[in-house]
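Both backbone and side-chain heavy atoms feed into the values below; hydrogens, waters and symmetry mates do not.
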Amino acid sequence: MPHSSSLRFGEAAGTLLDRAFDARDRHRPSVPLPRIGIFGNGFPETLVAAAGGLPVHLSMGRLRRTTAIDEFIEPFVDEEVRVFLNRLMNGEFADCLGIIFARDDAPALVAYQYTSEWVRQGRAPKSVPPLFLWNLVHTATPAVMHFNALQAEKLFDFFERIGLRRPSDEAIAEAAAAEAGRRQALERLETAGLSGTTAMRWRNAGRFMSATEHADLLNAALVDTKRTAQKGMRIGLIGSSLASTASYEVFERFGTIVCDWQPWGAVWPGPGNGNATLPEILRATAADPSCPRITPTTAYRNALLQALANARCDLVLCQLAPTDDTFGWEIPALASSLERRAIAFINLGFRDTDPETWHARAAALISAKLEARK
């Protein structure tokens, strides 16, 4: 007889999470709400929910065909930006009331700059929704706190312009409670003994549904899923954004990913989302150490090292997108710090544009490095 959670959702909750991850931003949640596109980490999505909208991440899609903008995208631009821009100009996000770009996220800023310039030149189709750049400063001085409060007011004005409501204190508290429930479910996911591949898929499925639906599915899936003993090394994954099931499966030939600290890993959703008032949300978001723009700059590296240590990693894998120009600067200091902590570090370098070629090279490099350490 199926478990009660399976009966509640009609089929296994894990299957529904997998299906949402595979569908990405085309997933249709159980409760339809006005869709607000999000590009990048670092934006407190609680505020969208409090305004009556559904935050849906748009930077994890797949390219179907190219548009006129493609020939103007410079070769150093991240692939996720290229895919997003072409899909946007194809009209694939016409059902979004607006799109919010997180200034903290380097690809998101580039996507915003290209999009806004294309719109300014009159080249964009009418299907392109209104755009908003969320620009939060990551320090805690009184002047910065005032600046961040002004950014929130601009965001609320944007909500009203596109047809959402201005978030009330009560609505913010209610949305924050839902986010707190999601965080609790995600914490259970991290300690459930599942593969890093499954954890990545189930976590990121929540980027396309409400916090409540995500939490409910996670809790049901964790009840229905048997815990398995971890084998091999305890692996930490860092570097550029990566949400490839195939890549995770290659890495997990050598152990289990127990700490996923790349941008599509456990750094989302940000810590500000579960706070019950706007000032608390802004303070927590500004203090989020997973943001590379935080001040002091050492806070990011220290938080990353602490996460790897807390997860008791004995191997850390670093991988970079072919166009990465941000995380790579952290590698020398990270490698030295991990060596002092007696944690093995393997820099897989830049990913190849051909996944199969890169996977073979990565597996060979990991095997060789681990063999050399014996």
J.: Please check if any side-chain donor atom of Asn86 sits under 3.5 Å from a side-chain acceptor atom of Thr66, or the reverse.
T.: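 No.
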J.: Assess, by modelled atom type and distance only, whether the side chains of Asp78 and Thr323 contain a donor and an acceptor separated by less than 3.5 Å.
T.: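 Yes, a side-chain donor-acceptor pair sits under 3.5 Å.
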J.: Does anything in residues 144-168 form a salt bridge (charged side-chain N to carboxylate O under 4.0 Å, His left out)? List the pairs, not counting sequence neighbours.
T.: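 Residue pairs passing salt bridge (charged side-chain N to carboxylate O under 4.0 Å, His left out), neighbours aside: Glu153-Arg166, Asp157-Arg166, Glu160-Arg166.
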J.: Quick check: does any side chain N or O of His359 sit under 3.5 Å from a backbone N or O of Pro355, one acting as donor and the other as acceptor?
T.: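 Yes: the side chain of His359 pairs with the backbone of Pro355.
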J.: If only side-chain N and O atoms count, and only distance matters, is there a donor-acceptor pair under 3.5 Å linking Asn273 with Arg183?
T.: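 Short answer, no.
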J.: Treat each ILVMFWY residue as a node, draw an edge where side-chain heavy atoms are under 4.5 Å apart, and state whether Met233 and Ile343 are in one component.
T.: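 Met233 and Ile343: separate clusters.
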J.: So, do Trp202 and Asp18 sit near enough that their side-chain heavy atoms are less than 4.5 Å apart?
T.: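 Yes, side chains in contact.
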J.: Listed by chain and number, what are the salt bridge (Lys or Arg N to Asp or Glu O under 4.0 Å) partners of Arg120, not counting sequence neighbours?
T.: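 Testing Arg120 for salt bridge (Lys or Arg N to Asp or Glu O under 4.0 Å), a comparison that skips the adjacent residues, returns Glu117.
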J.: Working to the nearest 0.5 Å, report the span between CG of Leu17 and CE of Met209.
T.: 5.5 Å
J.: Any donor and acceptor pair, going by atom type alone, linking the side chain of Ser247 with main-chain N or O of Ala243 inside 3.5 Å?
T.: no
J.: CG/Leu97 to CZ/Arg35 distance, rounded to the nearest 0.5 angstrom?
T.: 10.5 Å
J.: Excluding sequence neighbours, so at least two apart, what forms ring-ring contact (aromatic ring centres under 6.0 Å, His included) with Phe158?
T.: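 Phe158 satisfies ring-ring contact (aromatic ring centres under 6.0 Å, His included) with Phe132 once adjacent residues are dropped.
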J.: Which pair of non-hydrogen atoms, one from Gly52 and one from Pro34, has the smallest distance, and what is that distance?
T.: O-CD, 3.4 Å
J.: Please tell me if the side chains of Leu88 and Leu58 come closer than 4.5 Å, counting only heavy atoms from C-beta onward.
T.: no
J.: For the residue pair Asn302 / Gln306, report whether a side-chain donor-acceptor contact shorter than 3.5 Å exists.
T.: no
J.: For residues 239-257, which residue pairs pass the salt bridge (charged side-chain N to carboxylate O under 4.0 Å, His left out) check, not counting sequence neighbours?
T.: none
J.: Does the distance from a Lys or Arg side-chain N to an Asp or Glu carboxylate O, for Arg28 and Asp95, drop under 4.0 Å?
T.: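 Here Arg28 pairs with Asp95 in a salt bridge, since their nearest N and O are under 4.0 Å apart.
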J.: Look at the side-chain heavy atoms of Ile, Leu, Val, Met, Phe, Trp and Tyr, link any pair under 4.5 Å apart, and say whether Phe156 and Leu282 land in one connected group.
T.: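 Linked, Phe156 and Leu282 end up in one cluster.
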J.: For a quick check under 3.5 Å, do Asp352 and Thr357 share a side-chain donor-acceptor pair by atom type?
T.: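 Short answer, no.
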J.: Between Arg293 and His138, does any side-chain donor sit less than 3.5 Å from a side-chain acceptor?
T.: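 Short answer, no.
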J.: Can you establish whether the number of heavy atoms outside Glu356 located under 6.0 Å from its atom CD is more than 12?
T.: no
J.: Not counting sequence neighbours, which residues clear side-chain contact (heavy atoms from CB on, under 4.5 Å) with Glu170? List them please.
T.: Ser168
J.: Name the one of Tyr114, Tyr112, Phe39 that satisfies ring-ring contact (aromatic ring centres under 6.0 Å, His included) with Phe84?
T.: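 When ring-ring contact (aromatic ring centres under 6.0 Å, His included) is applied between Phe84 and each of Tyr114, Tyr112, Phe39, only Phe39 qualifies.
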J.: Is there side-chain contact between Ser367 and Phe254, with heavy atoms separated by less than 4.5 Å?
T.: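 Yes, their side chains come closer than 4.5 Å.
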J.: Check for me, please, whether Ile331 and Leu348 land in the same ILVMFWY cluster - side-chain distances under 4.5 Å, paths through other members count.
T.: no
J.: Could you tell me whether the side chain of Phe43 reaches within less than 4.5 Å of the side chain of Val48, counting heavy atoms only?
T.: yes
J.: Should Leu33 and Ile99 be counted in the same cluster of Ile, Leu, Val, Met, Phe, Trp and Tyr side chains packed under 4.5 Å apart?
T.: yes
J.: Which atoms form the tightest heavy-atom contact between Asp105 and Asn41, and what is the distance?
T.: OD2-N, 3.3 Å
J.: Whether Arg182 and Glu179 form a salt bridge (side-chain N of Lys/Arg under 4.0 Å from carboxylate O of Asp/Glu) is what I want to check.
T.: yes
J.: Can you find a pair of side-chain heavy atoms, one from Phe345 and one from Ser337, that are under 4.5 Å apart?
T.: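 Heavy-atom side-chain distance check fails, nothing below 4.5 Å.
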J.: Quick check: are there more than 12 heavy atoms from other residues, nucleotides or ligands sitting under 6.0 Å from CD of Glu280?
T.: yes
J.: With under 30° as parallel and over 60° as perpendicular, where do the rings of Trp261 and Tyr300 fit, or are they tilted in between?
T.: tilted
J.: Can you list the residues that meet the ring-ring contact (aromatic ring centres under 6.0 Å, His included) rule with Trp268, with sequence neighbours excluded?
T.: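 In terms of ring-ring contact (aromatic ring centres under 6.0 Å, His included), with neighbours along the sequence ignored, Trp268 is linked to His57.
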J.: Taking NZ, NE, NH1 and NH2 as the nitrogens, is one of them in Asp25 or Arg87 under 4.0 Å from a carboxylate oxygen of the other?
T.: yes
J.: I'd like to check Leu186 versus Leu189 (side-chain heavy atoms, cut-off strictly below 4.5 Å). Are they in contact?
T.: yes
J.: Classify the ring geometry of Phe251 against Tyr248: parallel below 30°, tilted from 30° to 60°, perpendicular beyond 60°.
T.: tilted
J.: Considering residues, nucleotides and ligands other than Glu174, do more than 12 of their heavy atoms fall under 6.0 Å from its CD?
T.: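 Check fails, neighbour count at 12 or below.
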J.: Considering all heavy atoms of both residues, which atom of Ile281 and which atom of Pro44 are nearest to each other, and what is their separation?
T.: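 Of all heavy-atom pairs spanning Ile281 and Pro44, the closest is CG2-CB, 3.6 Å.
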J.: Check the pair Thr245 / Arg201 against side chain to side chain contact (heavy atoms under 4.5 Å, CB included), numbers first and verdict last.
T.: CA-CA 8 Å; Thr245 298; Arg201 291 173 61 85; 2.9 Å; yes
J.: So, Glu45 side chain and Pro269 main chain: donor-acceptor pair closer than 3.5 Å or not?
T.: no
J.: Which heavy atom of Gly236 sits nearest to which heavy atom of Leu308, and what is that distance?
T.: CA-CD2, 3.9 Å
J.: Where do Ala176 and Thr46 come nearest, in terms of heavy atoms and distance?
T.: N-CG2, 3.6 Å
J.: When you look at Val77 and Leu85, which way does the side chain to side chain contact (heavy atoms under 4.5 Å, CB included) test go after all the steps?
T.: CA-CA 11 Å; Val77 171; Leu85 291 172; 5.5 Å; no
J.: Is the closest side-chain heavy-atom distance between Ser59 and Arg24 below 4.5 Å?
T.: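 With C-beta onward as the side chain, the pair stays apart.
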J.: When you group the ILVMFWY residues by side-chain heavy-atom contacts below 4.5 Å and let the links chain together, are Leu237 and Leu304 in the same group?
T.: no
J.: Hey, could you give me the OG1/CG distance between Thr256 and Leu315, rounded to the nearest 0.5 Å?
T.: 11.5 Å
J.: Please give me the minimum heavy-atom distance between Ala185 and Asn219, naming the atom from each residue.
T.: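 Taking Ala185 first and Asn219 second, the nearest heavy atoms are CB-OD1, 3.5 Å.
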J.: Is it true that a side-chain atom of Asn347 and a backbone atom of Gly349 form a donor plus acceptor pair closer than 3.5 Å?
T.: yes
J.: Do the non-hydrogen side-chain atoms of Thr285 and Asn148 ever get within less than 4.5 Å of each other?
T.: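 Heavy-atom side-chain distance check fails, nothing below 4.5 Å.
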J.: Can you tell me how far apart CG (Leu370) and CG (Leu365) are? Round to the nearest 0.5 Å.
T.: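 Interatomic distance, Leu370 CG to Leu365 CG, rounded to 0.5 Å: 9.0 Å.
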J.: Measure the spacing between CD1 of Ile235 and CG of Asp260 and express it to the nearest 0.5 Å.
T.: 11.0 Å
J.: Which value, rounded to the nearest 0.5 Å, describes the distance between Gln319 atom CD and Phe327 atom CZ?
T.: 8.5 Å
J.: Please check if the side chain of Arg234 supplies one atom and the backbone of Ala311 the other of a donor-acceptor pair under 3.5 Å.
T.: yes
J.: Taking atom CZ of Arg188 as the centre, report whether more than 12 heavy atoms of other residues, nucleotides or ligands fall under 6.0 Å from it.
T.: yes
J.: Show your working on side chain to side chain contact (heavy atoms under 4.5 Å, CB included) between Leu150 and His146 and close with a plain yes or no.
T.: CA-CA 6 Å; Leu150 290 177; His146 177 68; 3.7 Å; yes
